[in-house]
Amino acid sequence: MTSTDIFAALRARAIAALRDLLPELPEDAFAKVQMEPPRDPSHGDMATNAALVVAKPARQPPPKLAAALAERLAALPEVESAAPAGPGFVNLRLREGFLRAQLPVILEAAEAYGDSAIGAGRRADVEYVSANPTGPMHVGHCRGAVVGDALANLLDKAGWAVTKEYYINDAGAQVQALAWAAYWRYLQALGTMLTEEEYAANIPGGLQYRGEYLIPVGEALKSRYGDALAPGALPADPALWLDTVRPFTVEAMMAEIRQDLAALGVRHDVFVSEAELVRAGVADRAIATLAERGLVYEGVLEPPKGKTPDDWEPRPQTLFASTRFGDDVDRPLRKSDGSNTYFANDIGNHGDKLARGFDELVHVWGADHGGYIKRMQAAVSALSADRPVPLDVVLTQIVKVMKGGEPVRMSKRAGTYVTLADLIEEVGRDAVRFTMLTRKADAQMEFDLDKVVEQSRENPVFYVQYAHARCRSVLRSAGDPSDLAEAPLDSLADPAELALIRRLTAWPRTVESAALAREPHRIAFFLHDLAGDFHVLWNRGREDTTLRFIRGDEPEATRARLALVAATATVIRSGLRVMGVTPVEEMR
RNA sequence: GUCUCCGUAGCUCAGCAGGAUAGAGCACCAGAUUCCUAAUCUGGGGGCCGUGGGUUCGAAUCCCGCCGGGGACACCA
């Protein structure tokens, strides 16, 4: 594969030179060689630790190796100069011509610039959102949705074959409670004489979902079934209606969730239903597999340390020996009523993923599920013992929604939480998505409704969009020339122009490192920096008219700069695409 | 009590799988607009990277202890 990543290219050059200098050295001695931008730009365009890394196995002092390596590298056509530095680094300064030559590379690749092959086509299943189908999505789900979607896009760009998956938790007690709540709205639609409290007193677990969003579901049940499920508008035996109302309600909730996701621009490839998996016996099969491997037993757990639940009692349970795979305690597979625990069903879910042939599993969960990671990884290890498949979990922290400097109170019970639909309506899809990616997923985040719509430098969404719009504005006023990849580029020599080119060439390695770290927020930071470089250049043109992009008196220089602008726009678009944000043509 | 994440400028946060003199934005101070959008930009001050050890050529980064904070801890999902 021909990489467009010049850092990878020069790293290969450095390794080749070292191999030549030290033919005795085993190949794995070069594994830790890095070629990266130095912190201090005055050190040059790239720096490598190659001499430091190789010094020990080569039994030579690093400075001596660095000097020899520098001499070799200095002879390369891409390299202007190379010098040993510090304890054994080699700093490289690239020829400006080589840097400029990256612009046609970018323009020809277009948005494919930065695509990588490190994923090597491995099949990755990215499961995200997976909100319980018990109500509309709120901002908490939203972060997971955006992070997951961007991560999936990122992995795709970096060479994985990605499936975007949603796991519907439609088999547990909460869905049961949802059905009871929907049934209440149904009774209301039929004109029941009961009060809410009277109804709530007689249902298992109480009336848990009181939000108004179930009212339409009650109406829909009425128009579909009349009073057949509650003759005389009186509560009937659940055996008569529960298996009808539950799936009906789940379907209604999922329709709403799909709508919310669509509004966010999130589209999953696969929706997997927990209930269906259970019906298909997937969970039982997975547990049977574990049992065959001697990992399932009947046992009594210690009470949890710290705070013991009031109703705790020692009791034999069906347990999975997850401690053998690094978990803290073994985990129950069956509830006291004999049905599967959520964990047992999720083992089935993962068994199903493995059966579908994925090479890597990635999940995005809320941080409150952090305690669940070890047991799930244990289960996947146990199930994939013959062909290890890694399970990576990305946790997303809480989002605090702020308005006018005050936190917006959220309560699902009271039905006052901020729904995703509200949020999108208020600030727009692109702002929501971009902002959700301006923090590391695992860091708490304040989402300031006022700032996000503010059109100022403080707002990174705006800042990046504005840079793209400016690029487009320039290209439009130049008549959108199409043959910029052939433009002569020698006139691009101003430090600000070269700085922008250097930034652009860092895009491929940014994609790779972000994908490997599973950190899509790095894309947002990169774009912010890139936008900054562009704004700087733009402003130089204010002070120094010879630096303007379009110069009527200098057609060649104009073409060169248009090539630079077009490349910048391309990379911004490419990054925004990963984030799922629409690049704008103008800022009206 | 156990597990887990976190602690970097006054504030909000980056810091790229250990690298050279630790960065950005906001806030603060001083500047730039006959111009392709000043919705932007330039310059400046500001840090014991919570703390004590360890690993090594080299640590904000890796390991251990401590302090401080978030989250999770059978039969919820």
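Worth knowing before you read on, the calculation uses all heavy atoms, side chains too, and leaves out hydrogens, waters and symmetry mates. Throughout, protein chains are lettered first and strands after them, A, B, ... in sequence-line order, and every chain is numbered starting at 1.
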Considering every strand and a 4.0 Å limit on heavy-atom distances, what is the contact class for Pro87(A): base, sugar-phosphate, or nothing? base
Sticking with atom P, work out how far A17(B) lies from C63(B), rounded to a whole angstrom. 15 Å
Using a cut-off of 4.0 Å on non-hydrogen atoms, how would the nucleic acid contact of Ser473(A) be classed: base, sugar-phosphate, or nothing? sugar-phosphate
From C36(B), G19(B), A74(B), pick the nucleotide closest to the side chain of Leu301(A)? A74(B)
Quick one: what's the B/S/- string for nucleotides 9-16 of chain B, heavy-atom cutoff under 4.0 Å, read 5' to 3'? ---SSSSB
Within the pair Thr341(A) and C75(B), is there a side-chain N or O less than 4.0 Å away from OP1 or OP2? no
Where each residue is assigned the nucleotide of RNA chain B containing its nearest heavy atom, which of Tyr342(A) and Arg331(A) is assigned the position nearer the 5′ end? Arg331(A)
How many whole angstroms separate atom CD of Gln377(A) from atom P of C3(B)? 16 Å
What stems, by residue range, does RNA chain B take part in, given at least 3 consecutive Watson-Crick or G-U pairs under 3.5 Å? B:1-7 with B:67-73, B:10-13 with B:23-26, B:28-32 with B:40-44, B:50-54 with B:62-66
Go through the N and O atoms of the side chain of Asp328(A) and the base of U2(B), and report whether any donor-acceptor pair is under 3.5 Å. no
Would you mind classifying the nucleic acid contact of Gly172(A) as base, sugar-phosphate or nothing, using non-hydrogen atoms under 4.0 angstrom? sugar-phosphate
Would you say the side-chain atoms of Ser339(A) and Asp337(A) include a donor-acceptor pair closer than 3.5 Å? yes
Do we see a donor-acceptor contact under 3.5 Å between the side chains of Thr134(A) and Gln174(A)? no
For the rings on Phe534(A) and Phe549(A), is their centre-to-centre separation under 6.0 Å? yes
Parallel, tilted or perpendicular: which one describes the rings of Tyr466(A) and His535(A), with boundaries at 30° and 60°? tilted
Quick check on C76(B): is either OP1 or OP2 less than 4.0 Å from any side-chain nitrogen or oxygen of Lys335(A)? yes
Do we see Tyr372(A) stacking on the base of A72(B), given a limit of 5.5 Å between centres and 30° between planes? no
Using a strict threshold of under 4.0 Å (side-chain N to carboxylate O), is an ion pair present between Arg518(A) and Glu360(A)? yes
How is Ala506(A) classified with respect to the nucleic acid when contacts are heavy atoms under 4.0 Å: base, sugar-phosphate, or nothing? nothing
Gap in Å between the two C1' atoms, one belonging to C64(B) and one to G25(B), rounded: 36 Å
Once you apply a heavy-atom cut-off of 4.0 Å, does Ala171(A) come out as touching a base, just sugar-phosphate, or nothing? nothing
Contact class for Asp337(A) (heavy atom, under 4.0 Å): base, sugar-phosphate, or nothing? nothing
Looking at Tyr466(A), does any N or O in its side chain come under 4.0 Å of the phosphate oxygens OP1/OP2 on C41(B)? no
Between C57(B), C5(B), U37(B), which nucleotide has the shortest distance from any of its atoms to the side chain of Lys56(A)? C57(B)
Who pairs with Asp346(A) by salt bridge (Lys or Arg N to Asp or Glu O under 4.0 Å), at least two apart in sequence or on another chain? none
Is His43(A) stacked on the base of A20(B), meaning ring centres closer than 5.5 Å and planes within 30 degrees of each other? yes
Nearest-nucleotide wise, let me know which of Gly371(A) and Lys32(A) is further upstream toward the 5' end of RNA chain B. Lys32(A)
Mind checking Arg540(A) for me? I need base, sugar-phosphate or nothing, with any heavy atom below 4.0 Å counting as a touch. nothing
Base, sugar-phosphate, or nothing for Leu52(A), non-hydrogen atoms under 4.0 angstrom? base
Quick one: which of G19(B), U37(B), C5(B) gets closest to the side chain of Met587(A)? U37(B)
With hydrogens left out and only the distance checked, is there a donor-acceptor pair under 3.5 Å joining Asp346(A)'s side chain and the base of A77(B)? no
Name the nucleic acid region contacted by Val474(A), choosing base, sugar-phosphate or nothing; use a 4.0 angstrom heavy-atom cut-off, strictly under. nothing
